[in-house]
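See below for the structure under consideration.
Whatever order the structure lists ligands and atoms in, that order sets their numbers, starting from 1. Numbering starts at 1 and runs along the sequence shown.
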Amino acid sequence: MAEALFRRLAIIGIGLIGSSVARGAREYGGIAECLVICDADLDVLARAQALGLGDEYEADPARAVAGADCVMLCAPVGAYTALAAAIGPHLAAGAILTDVGSTKQSVLRDVGPLVPPTVSFVPGHPIAGTEFSGPDAGLADLFRGRWCLLTPPPGTDEAAVRRIRALWGILGAQTAVMDAPHHDRVCAIVSHLPHLIAFTICGTADDLADETRQEVLQFAASGFRDFTRIASSDPVMWRDIFLNNKEALLEMLARFSEDAQAMARAVRWGDAAYIEDKIVRSRKIRKSLIDLKQA
Ligand code: NAP
């Protein structure tokens with residue numbers, strides 16, 4: 001049997017993404033000989049153990065990373081500074097530190113300075129997920145056919161980047177390397193702004209008068225229903241994403257607000273051609289997604 005990529009992989013944070021990586025590692029093999037699972041929440045850790053997601057379970061991140069040749073942070077990005085401070089001194093020389101956080105400039109800012117020089121730092125972000133969270137929500141095939149974006153800082157050991165690419169390859173994802181600011185702008189428009197709009201529209205509906213609010217729920221059309229699905233995502237994770245991708249998110253929100261105003265103007269003045277053109281362009285985007293198998 002071919003040797004696994006890593007001898008000992010420590011996954012810190014065993015929620016939707018961490019448990020999907022763990023399940024994939026189990027199901028497809030070849031990633032790690034020993035999987036160490038760590039979570040701050042003891043109930044979550046016990047649940048991960050009951051589900052058989054790892055080989056060892058450890059609540060203390062410093063102990064979890066001891067002797068690991070790969071460590072993957074899978075906690076909300078707001079927890080990263082404290083986590084990096086806790087594990088930094090205990091990372092093994094020659095190990096690779098990676099992550100799955102949805103914002104990447106903040107990860108370089110918060111974690112980068114705490115990574116020992118003997119450790120390679122290869123931040124990553126799988127573009128895959130669901131609105132569910134916790135260890136029960138994970139799926140071995142969550143990353144199949146999806147992308148994982150890697151943002152290694154300049155000068156990162158190429159061999160370490162190749163190994164992280166290989167890990168995602170086993171989980172079925174394609175990888176692309178880009179710089180962190182570019183990553184954050186792309187994700188602001190494809191993921192963070194849509195979530196902001198979903199949270200906002202649900203709030204707007206909830207603020208309606210009692211009678212109307214009841215009807216919103218009773219007669220929810222597919223458009224509103226789709227927003228409620230997105231808006232049911234984890235509050236801590238999304239709070240952290242918004243606060244850690246502030247600039248790019250505000251830039252995309254400003255662009256969106258301008259375009260929404262232009263649409264409002266077209267509606268007010270009965271500019272049918274403008275409205276139709278926008279809808280036609282949107283349908284083309286949907287078709288391109290389907291063609292790229294990302295729908
Ligand atoms: P999740 O299901 O809420 O899981 C996160 C887990 O991390 C929870 O069990 C949480 O425990 C634990 N945790 C929090 N602070 C910790 C700490 N200091 N040490 C150890 N464990 C800690 O969230 P998720 O959806 O897997 O997201 C994890 C990461 O993946 C986030 O950085 C997110 O940005 C990124 N991501 C998410 C998606 C998505 O669609 N969900 C997609 C791509 C990337 P508690 O519940 O007790 O806080």
What's the shortest distance from atom 46 (O) of ligand 1 to any protein heavy atom, and which residue and atom give it? Asp41 OD2, 4.5 Å
For a 4.5 angstrom cut-off between non-hydrogen side-chain atoms, does Leu51 reach Ser19? no
May I ask you to identify the nearest protein heavy atom to atom 15 (N) of ligand 1, giving residue, atom name and distance to one decimal place in Å? Ala79 CB, 3.9 Å
Of all the atoms in ligand 1, which lie at a distance below 4.0 Å from a heavy atom belonging to Val77? 32 (O)
With a 4.0 Å cut-off on N to O distance, would you call Arg255 and Glu251 a salt bridge? yes
Does Ile17, backbone or side chain, put an N or O under 3.5 Å from an N or O of ligand 1? yes
Residues at least two apart in sequence or cross-chain that pass salt bridge (Lys or Arg N to Asp or Glu O under 4.0 Å) with Arg229, listed by chain then number, are Glu131
Using a heavy-atom cut-off of under 4.0 Å, does the side chain or the backbone of Ala75 touch ligand 1, or both, or neither? both
Of the protein's non-hydrogen atoms, which lies at the shortest distance from atom 39 (C) of ligand 1, and what is that distance? Met237 CE, 3.6 Å
Over 60° means perpendicular and under 30° means parallel, so classify the ring planes of Phe199 and His195, tilted if in between. tilted
salt_bridge(Asp291, Lys287) N-O dist < 4.0 Å: yes
Taking the non-hydrogen atoms of Ala82, is any one of them nearer than 4.0 angstrom to ligand 1? no
Pairs involving residues 111-123, ordered by first then second residue, that meet salt bridge (Lys or Arg N to Asp or Glu O under 4.0 Å) (sequence neighbours left out): none
Would Arg26 and Asp55 pass as an ion pair if we require N to O under 4.0 Å? yes
Do protein heavy atoms approach atom 19 (N) of ligand 1 to less than 4.0 Å? yes
Residue-ligand contact Cys38/ligand 1, heavy atom below 4.0 Å: no
Using heavy atoms and a 4.0 Å limit, tell me yes or no: is Gly134 in contact with ligand 1? yes
Closest approach of Leu142 to Ser20 (non-hydrogen atoms, all atoms of both residues): CD2-OG, 3.4 Å
When you measure from the centre of the six-membered ring of Tyr28, is the NZ or CZ of Arg144 closer than 6.0 Å and no more than 45° off the axis? yes
Taking the side chain as everything from C-beta on, heavy atoms only, tell me whether Cys70 gets closer than 4.5 Å to Ile164. yes
Side chain, backbone, both or neither: which part of Ala128 comes within less than 4.0 Å of ligand 1 when only heavy atoms are counted? backbone
In terms of residue, atom name and distance, what is the protein heavy atom nearest to atom 6 (C) of ligand 1? Asp39 OD2, 3.7 Å
Contact atoms of ligand 1, heavy-atom distance to Ile12 under 4.0 Å: 20 (C)
Taking Arg185 first and then Glu247, would you say they form a salt bridge - that is, a charged N and a carboxylate O separated by under 4.0 Å? no
For ligand 1, find out whether one of its N or O atoms is nearer than 3.5 Å to an N or O atom of Ser133. no
Just to confirm my output: which protein heavy-atom neighbour is closest to atom 4 (O) of ligand 1, and how far is it? Gly15 CA, 3.1 Å
Would His125 count as a polar contact of ligand 1, with the cut-off being nitrogen or oxygen pairs under 3.5 Å? no
Could you tell me whether Asp99 and Lys104 have a side-chain N and a carboxylate O separated by less than 4.0 Å? yes
What atoms in ligand 1 come closer than 4.0 Å to a heavy atom of Val100? 29 (C), 30 (O), 35 (C), 36 (N), 44 (C)
Less than 4.0 Å between a side-chain N and a carboxylate O, is that true for Asp271 and Arg265? no
Ser102 to Val77 - nearest heavy-atom pair and separation: N-CG1, 4.0 Å
To check your reading of the model: name the closest protein heavy atom to atom 17 (C) of ligand 1, its residue, and the distance in Å. Ala40 CB, 3.7 Å
Should you measure from each heavy atom of Val44, which atoms of ligand 1 turn up under 4.0 Å away? 9 (O)
Atom indices of ligand 1, in the order listed, that fall short of 4.0 Å to a heavy atom of Gly101: 32 (O)
Under 3.5 Å between any N/O of Gly129 and any N/O of ligand 1: does that happen in this structure? no
Give yes or no for whether the N/O distance cutoff of 3.5 Å, strictly under, is met between Leu16 and ligand 1. yes
Specify the protein heavy atom at minimum distance from atom 43 (C) of ligand 1: its residue, its atom name, and the distance to 0.1 Å. Pro126 O, 3.2 Å
Which residue supplies the protein heavy atom nearest to atom 36 (N) of ligand 1, what is that atom called, and how far is it? Ser102 OG, 3.3 Å
